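This report refers to the structure that appears directly beneath it.
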There are 2 protein chains.
Amino acid sequence: MKVLPEKTVERLSKYRRILNVEYERGERYIFSHELANLLHLTSVQVRRDLMLIEYSGSHKRGYEIKSLIEHIGNIIDPKGDINIVIVGMGNFGKAIAHYFNKRGKHYKVIAGFYRNASHCSTVFDGIPCLPISELQDFIQKNDVKMGVITVPPQQAEIVMHQLVEAGIKGILNYTPKPLKVPEGVFLEEYDVITSFEKVNYFIG
Amino acid sequence: MKVLPEKTVERLSKYRRILNVEYERGERYIFSHELANLLHLTSVQVRRDLMLIEYSGSHKRGYEIKSLIEHIGNIIDPKGDINIVIVGMGNFGKAIAHYFNKRGKHYKVIAGFYRNASHCSTVFDGIPCLPISELQDFIQKNDVKMGVITVPPQQAEIVMHQLVEAGIKGILNYTPKPLKVPEGVFLEEYDVITSFEKVNYFIG
DNA sequence: ACAATTATGTTAGATGTTTAACATTGCAAA
DNA sequence: TTTGCAATGTTAAACATCTAACATAATTGT
Ligand SMILES: NC(=O)c1ccc[n+]([C@@H]2O[C@H](COP(=O)([O-])OP(=O)(O)OC[C@H]3O[C@@H](n4cnc5c(N)ncnc54)[C@H](O)[C@@H]3O)[C@@H](O)[C@H]2O)c1
Ligand SMILES: NC(=O)c1ccc[n+]([C@@H]2O[C@H](COP(=O)([O-])OP(=O)(O)OC[C@H]3O[C@@H](n4cnc5c(N)ncnc54)[C@H](O)[C@@H]3O)[C@@H](O)[C@H]2O)c1
């Protein structure tokens, strides 16, 4: 299958979560317009996305929820588990760690890293909290695939380099500092302040 | 001026933050390619954005940082302060509240709302923490313009309706539950899980 | 068996965004 | 002056994404 558009991948993630909810509710089939309504999209968009992943439905019953969930999983899920580290165990890093600790199925936050021991005890929420000096060694020994950056912005770049050098292939940057990663590493950035300012602008 | 593209607005926010840093460092002028490098964009994109906001630079010295900061501010900043409420003072809501409490210049988080008193004392970080029953009254009495939703996903829709009915014009939804707002209200959504799954997909 | 219905599947056009190409300007050195 | 340069400013093409139009197929009632 060809590489999917970013927006389609994002929606696949959302489709699946909604589909799981519907399945739990006892539903077994769903129409494109139903799925679309739940996500506030159009049915065309849903069908187009499913076309791209080469999934077919039935004309009279729509899509079979269970097999669609599996089909999406085959595309967007990792083979085994994905080990994740969070660098910067402050307010934000801890919130994320806590969140994935409860919910993440394939995504395992297996360590957090800090610079000042004062900010983090040796264990947070069952996750070991280690000094930044042990980062690279830990990544290599534990087959860590993804890194989350939640340090103060001035530290973001150095942390990014440490992650890349240790062999990390995917980075999530929640710092307002824009980063640039080498070829072969995927970077996703989210900037809260920008979001706020954008909302304000479009309020008018 | 015509309404700006979303992506341009996002970049303006980032331009300004970088420009402030450069100004603090003592710089007074900046070239489009310098600004571009700091944000990992191209100089063309920078010039195009600045063209859209009708800002001109000098051929030999580039753009005058101070006046550009002001110019961007005139476009994306609110007239006065923007009052914000956070609905759902759990881990995530508190992290955001704390963050803006320290940093927000025009953006003031003036209250948080909870359902279970156990999760939140009456004051967090100097911000009053109120029961959800007081939400609508508070919004109207305090000219609140923006609302941040950080409740459990099942509660997101009802909270959104409460915000809209109280007259809120801009909403930030950090819940994985997709929302749909009425005409005239601007909605921005960010879904952490989707981000993680997207990174994993593009790692390969 | 066959038309009508109602959904899916596909293609082409519209829109939004980025990138590339080119024109223009102001300064500095010859 | 005037010419070259190095930057900005503008337009047009390329690319990504979304939307609309249409073709196709399975079921149901007759
Ligand atoms: N809190 C939020 O809601 C929020 C929202 C959006 C973005 N952010 C961004 O996330 C980042 C962290 O925010 P926060 O509020 O959690 O700040 P924080 O000060 O609470 O946490 C920062 C943590 O990073 C650690 N740290 C510093 N340098 C380090 C290094 N080199 N290696 C490892 N750890 C290091 C510190 O020990 C500290 O625990 C900031 O860049 C901030 O802009 C925060
Ligand atoms: N923690 C994270 O890192 C994180 C990241 C991304 C998204 N989210 C999303 O943010 C939301 C909150 O996450 P969290 O980890 O902070 O959860 P949490 O359980 O710590 O906090 C939820 C808070 O919402 C309050 N609440 C519940 N119903 C409410 C209502 N109707 N009105 C007002 N308040 C109400 C509860 O009292 C609680 O304090 C969830 O939807 C979650 O999916 C969290």
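Keep in mind it's a predicted model, so treat the numbers as computed, not measured. Order of the sequence lines fixes the chain letters, A, B, ..., with proteins taken first and strands second; residue numbering starts at 1 for each chain.
Atom NZ of B:K7 and atom P of C:dT19 are 12 Å apart (whole Å). Put simply, NZ on A:K2 is 14 Å from P on C:dT10, counting in whole angstrom units. We find that CG of A:L35 is positioned 15 Å from P of C:dA7, with the value rounded to whole Å. A straight line from CD of A:E6 to C1' of D:dC18 spans 16 Å, rounded to a whole angstrom. Going from atom CD of B:Q45 over to atom P of C:dG16 covers 17 Å, rounded to whole Å. Atom P of nucleotide D:dA26 and atom OH of A:Y29 are separated by 14 Å, given to the nearest angstrom. Distance, B:R11 CZ to C:dG16 P: 15 Å, rounded to whole Å. Taking atom CG of residue B:D49 and atom P of nucleotide C:dG16, one finds them 16 Å apart after rounding to whole Å.
B:G93 and B:I86 make their closest contact through O-CD1, 3.8 Å (heavy atoms, listed as atom of the first residue, atom of the second, distance).
Ion pair A:D49/A:K14 not flagged as a salt bridge, since none of the NZ, NE, NH1 or NH2 atoms sits closer than 4.0 Å to an Asp/Glu carboxylate oxygen.
Among the protein residues, A:K60 comes within range of the nucleic acid bases, having at least one heavy atom under 4.0 Å from a base atom.
Checking side-chain atoms of B:N142 against main-chain N and O of B:I110 turns up no donor-acceptor pair under 3.5 Å.
Within the 4.5 Å cutoff, no side-chain heavy atoms of A:N91 are placed close to those of B:K94.
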What is the per-nucleotide protein-contact pattern of nucleotides 8-14 of chain D, from the 5' end, where B denotes a base atom under 4.0 Å from a protein heavy atom, S denotes such proximity for sugar-phosphate atoms only, and - denotes neither?
BBBBB--
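Remark: of the listed residues B:R16, B:K105, B:R17, B:R16 is the sole one forming a salt bridge (charged side-chain N to carboxylate O under 4.0 Å, His left out) with A:E197.
Of the inter-residue distances, the one linking A:L35 atom CG with A:L68 atom CG reads 7.5 Å to the nearest 0.5 angstrom.
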